[in-house]
Amino acid sequence: MSVRVRYAPSPTGLQHIGGVRTALFNYFFAKAQGGKFLLRVEDTDRERYSDESLDDLYQTLKWLNIEWDEGPVVGGEYGPYIQSERFDLYQKYAKMLVEKDMAYYCYCTPERLEKVREEQKAKKSSTQGYDRHCSHLTKEEVAEYEKQGIKPVIRLRVPTEGKTTFHDVLMGDITRKNKDISPDPILLKSDGFPTYHLANVVDDHLMGITHIMRAQEWIPSGPLHVILYKAFGWEPPIYCHLPMVMGKDGQKLSKRHGSTSVRDFREKGYLPEALMNYVTLVGWSFDDKSEFFTKEELEKVFDINKIHKAPGVFDYKKLDWFNGQYIRKLSDQELKEKVLPYLVKEGFVDKEITKEQDKILNDLIPCVKPRLKVLSDIVDLSRFLFVEPEIAPKEMFVAKKMDLKSSTEALIKAYAVLKEGLDNNIDFEEIENSISDIANAMEVKVNGVFTPLRVALTSSTVSLPMQDTVNLLGKEECYKRIERAIEMLKGEL
RNA sequence: GUCUCCUUCGUCUAGUGGUUAGGACACCGGGUUUUCAUCCCGGCAACACGAGUUCGACUCUCGUAGGAGAUGCCA
């Protein structure tokens, strides 16, 4: 039997790391097995639905270069692949269960349900959830509710005796006593839309899904879904519950841990290849040494049996490291193209890049490449080139074991040497040697001289190599900035 | 509270009865770079605990503890 899996997100928010990891696992599993990967939009929650979320879903998958074999846009014989467009279908199946008396209409108001829950909580009762108030209504009672105009929901009859087991590829058999399963969950809401349980089971069956790979938070509803499959007389698919992605504190990854939406990562300048590589490595590994995987490799090599059971912590620093590695693999031309939007956005470079700007970039890119963790780092690293920075506060000019006076003195001397050297086209290495000589003469570390020079030129203690900085800036601009700094420092003495 | 799942360095992980328990990130040190990075070298650091089973347990079994998830007309 050919593998058919699906990613079935709910467009109620931006695509996040956890969701994308699920998508990736499904996708790689399908590819490695020569099966099909479907995308299904579960937009049954009309309260929380948003167009932006749907759009973000498509954009995210596109950015990651994940294509679905069947789904919205692409289509396929089992579609439509958007649940709101299959509205009638769920009605039909829900009513089918009512006819078989495996489900029933319930007229309880949300207020009553809330009250029931509160009472259970107050009594610390071990019985939880719906009290099955409507499970055996008489015809008269139903007529009365209908007369009041209450729109009913449809609930599944969950057996109170016995137990239900389902098999999970990773966990093995998972068994739950039926009495512990959420009593009579809602299948069809009063607005006529199905809940996750119904829609998911119906669609997975109708679409011929063979393996359900979803997050472990769904384990508790596994038995419930099996009961549903059986109620319909269908064979449940194979389950594989994926370990969850956690934050540093071991809780489910959420905004308070940092960025969680793929859009955030994209905007900060993470490369899709790097994110994909890292994300598939939380909860899965190939062996004890392989770290770098291309999408194509994963499509061949992904093995469902190597997925972990235990939840994994999302390590932002390791992602940074991966991203840096991937940036360094880029050619200068590729990096230039990727970095350009950030420079344009900052106003450093014109949208229609000028010849001059292009030339600056060509020189800048190689210097900057080993220094980028994310593409947006380019902004701070190159600011000094494109705008005249605020003159740095005087403390920044002072290196370790130096004071303001000696730093100023060093800068003045270095300036003289630099100017003389540059004006006479002397080799930069020699200029640097002469600057070192200044340090020696002053009996201070070389750093004590280079730091004020660097800060004068870039207003930063961290920057590109001195030679590159000077070259990129041009000597006139260098002189101007150094003079400006000396002026300021003298005033502070 | 109840139910279910999970447990190897700080983090991601390799490991399926006999290993000096391996790698990567992070961190710390050193070298290259007269800054910062990159790159190279080195170091730190783990089998949650307790009982079994066994000649022998990180590996098997059972408990305990800890963690997580579920308990919605959200998915």
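The structure displayed is predicted, hence computed values, not measured ones. Naming: A, B, ... by sequence-line order, numbering from 1 per chain.
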S.K.: Students often get this wrong, so: under 4.0 angstrom with heavy atoms, is A:N433 touching a base, only sugar-phosphate, or nothing?
M.R.: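 Base, at least one base heavy atom under 4.0 Å.
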
S.K.: Kindly say whether, by distance alone, the side chain of A:R328 makes a donor-acceptor pair under 3.5 Å with the base of B:U38?
M.R.: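 Check fails, no donor-acceptor contact within cut-off.
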
S.K.: Nearest to the side chain of A:D180, heavy atoms from C-beta on, is which of B:U2, B:U34, B:U13?
M.R.: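 The closest nucleotide is B:U2.
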
S.K.: Nearest to the A:L113 side chain among B:C3, B:C73, B:A37, which nucleotide is it?
M.R.: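 In terms of side-chain proximity for A:L113, the closest of B:C3, B:C73, B:A37 is B:C73.
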
S.K.: Taking for each residue the nucleotide of RNA chain B with the nearest heavy atom, is it A:G312 or A:C106 whose nucleotide lies nearer the 5' end?
M.R.: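 Its nucleotide being nearer the 5' end, the pick is A:G312.
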
S.K.: Just call it for A:S285: base, sugar-phosphate, or nothing, with non-hydrogen atoms closer than 4.0 Å on any strand.
M.R.: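 Sugar-phosphate, no base atom in range.
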
S.K.: Give one of base, sugar-phosphate or nothing for A:L464, where a contact means two heavy atoms less than 4.0 Å apart.
M.R.: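 Contact class for A:L464: base.
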
S.K.: A:E291 has a side chain; which of B:C74, B:A24, B:C3 sits nearest to it?
M.R.: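 For A:E291, the side-chain atoms sit closest to B:A24.
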
S.K.: Under 6.0 Å from the six-membered ring centre of A:F322 and within 45° of its axis: does the NZ or CZ of A:K373 meet both?
M.R.: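 A:K373 over A:F322 ring: no.
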
S.K.: Kindly determine whether A:Y278 and A:F314 satisfy ring pair (Phe, Tyr, Trp, His ring centres under 6.0 Å), including the steps that lead there.
M.R.: CA-CA 9 Å; A:Y278 175 63; A:F314 188 81; 5.3 Å; yes

S.K.: Taking any heavy-atom pair under 4.0 Å as a contact, classify A:T175: base, sugar-phosphate, or nothing.
M.R.: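 The residue A:T175 makes sugar-phosphate contact but no base contact.
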
S.K.: Return the pairing partner of B:A14 with a 3.5 Å limit on both distances, Watson-Crick or G-U wobble; otherwise return none.
M.R.: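 Partner of B:A14: none.
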
S.K.: Could you list by number each residue of residues 242-254 of chain A showing a heavy-atom separation from RNA chain B of less than 4.0 Å, or answer none if no residue does?
M.R.: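 Under 4.0 Å from RNA chain B: A:M244, A:M246, A:G250, A:Q251, A:K252.
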
S.K.: Applying a 4.0 Å non-hydrogen cut-off, can you work out what A:T44 is touching in the nucleic acid: base, sugar-phosphate, or nothing?
M.R.: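 Answer is sugar-phosphate: A:T44 comes under 4.0 Å of backbone atoms only.
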
S.K.: Take A:F25 and A:F302 through the test ring pair (Phe, Tyr, Trp, His ring centres under 6.0 Å) and record every step on the way to the result.
M.R.: CA-CA 8 Å; A:F25 279 21; A:F302 189 82; 5.1 Å; yes

S.K.: Which nucleotide sits closest to the side chain of A:R176: B:A14, B:C74, B:C3?
M.R.: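 Closest nucleotide among those given: B:C3.
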
S.K.: Toward the 5' end of RNA chain B, which comes first, A:V282 or A:W321, by nearest nucleotide?
M.R.: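 Closer to the 5' end of RNA chain B: A:V282.
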
S.K.: For the side chain of A:A310, counting heavy atoms from C-beta on, which of B:C6, B:C12, B:G22 is nearest?
M.R.: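 Looking only at heavy atoms from C-beta outward on A:A310, the closest nucleotide is B:C6.
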
